[in-house]
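Below you'll find the structure, written out as structure tokens, and then a few comments.
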Amino acid sequence: MQLVSDLDTPSVVVDLDVLERNVSRMAESARRSGVRLRPHAKTHKIPELARLQLAAGASGLSLAKVGEAEVFVAEGFDDVFLAYPVVGAEKARRLLPLSDRARLAIGADSIEGAASVGEVFHAAGRRIDVLLKVDCGYHRVGVAPESAAGMAKRLAELPGITVRGIFTHAGHAYLASGRNEIDGIARSEGEILAAAAESVRAEGLEIEEVSVGSTPTARGAMSVDGVTECRPGNYVYHDASQVSLGTCSIDDCAMTVVATVVSVPSSDRAVLDCGSKTLSSDALRPRGHGHGWILGRESRLEKLSEEHGVVRVAAGETFRVGETVRVLPNHACVVSNLHDRVVLARGERVEGEWSVAARGRVR
Ligand SMILES: Cc1ncc(COP(=O)(O)O)c(C=O)c1O
């Protein structure tokens, strides 16, 4: 039997017991709220994991990029929403063959973007479903809620485009300073989108999907009347940021990085073999220092270079060259994209591995 402590390092380890619990809890929340769950598979990029999500009741997958969709559709996934403003004829041409094999939809928040895809589908005698992105306060992409009806109407007039619904993402919840603020953002995410859907329907358009979701806001937003779908992604793994936000506890975190202490240059400094190429440079959210938490230790990962993780050793703790530690990353979704495979474990027992089949598919 192989143990996690026997692994060559750095290795990304996924605890299957925790993962399965996270998958089934979110599926149960969606069932109780009466909404479809369409998990965002950009978090893990692993077809085997997505199959667990579908087996638990997910209705389909969310993805961001056409390249991810190519991988998942080739693996047999037949209901994919690219929750991203897909723009350009080149991407549209790649989507065409996928639409033979899967029910596809893309996000849009502009006439130019949607038209660039719609024209290619129209020329091929086809149509593509679009969900209009509405900004519920994150201020990244999306039209203002009061512009949703006008924009949806214009989108629906484009050749090759069918407006299936509207969607939003409350990414600003990641900057919230506590559960109360997150709960407020979740409620307003759902309420803003449900109201925007009504304004679009008032223009005579059918809106089948009203889609919300981030991991911190999922349960709050999905329980708002009028919401039909939720798209959390990170919940399968969780990470140090979710613990900091109060979304979950450390025991709910399925992904850790096993690293080896490769140097102890002084009593207050140790160096791990995981740097930014292993853990990413993403900051702890909502705020805070460090590049991930070393489980069971007070010592903090203070500084990363590409292949070195520099630990400020806490008073009373020691690190030994050659020993292994487990690091809870700040942001699991980015760690996924840095690794070819994840090792599967239950507690300390290694059970196999999965290939991160869609890693690097950012185009
Ligand atoms: C559009 C969109 N939907 C859903 C999600 C999933 O959110 P989370 O990673 O918080 O679960 C994301 C994440 O970035 C997103 O950008």
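Ligands are counted one by one from 1 in listed order, and the atoms in each one are counted from 1 as well.
Within the 4.5 Å cutoff, the side chain of Leu19 has heavy atoms near those of the Val236 side chain. Between Leu155 and Ile111, some side-chain heavy-atom pair lies under the 4.5 Å cut-off. At least one side-chain heavy atom of Leu98 sits under 4.5 Å from a side-chain heavy atom of Glu70.
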Which atom pairs, nitrogen or oxygen on both sides, join ligand 1 and the protein at under 3.5 angstrom?
unit_1	atom_1	unit_2	atom_2	d
ligand 1	3 (N)	Arg231	NE	3.4
ligand 1	3 (N)	Arg231	NH2	2.9
ligand 1	9 (O)	Lys42	NZ	3.2
ligand 1	10 (O)	Tyr174	OH	2.5
ligand 1	10 (O)	Thr215	N	2.9
ligand 1	11 (O)	Thr215	N	3.0
ligand 1	11 (O)	Thr215	OG1	2.6
ligand 1	11 (O)	Gly233	N	2.6
ligand 1	11 (O)	Asn234	N	2.9
ligand 1	14 (O)	Lys42	NZ	3.2
ligand 1	16 (O)	Arg140	NH2	2.9

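Atoms OG1 and CZ, from Thr217 and Arg219 in turn, are 11.0 Å apart once rounded to the nearest 0.5 Å. In this structure, the separation between OG on Ser211 and CZ on Phe81 is 6.0 Å, given to the nearest 0.5 Å.
Arg326 and Thr256 form a side-chain donor-acceptor contact under 3.5 Å, judged by distance and modelled atom types alone.
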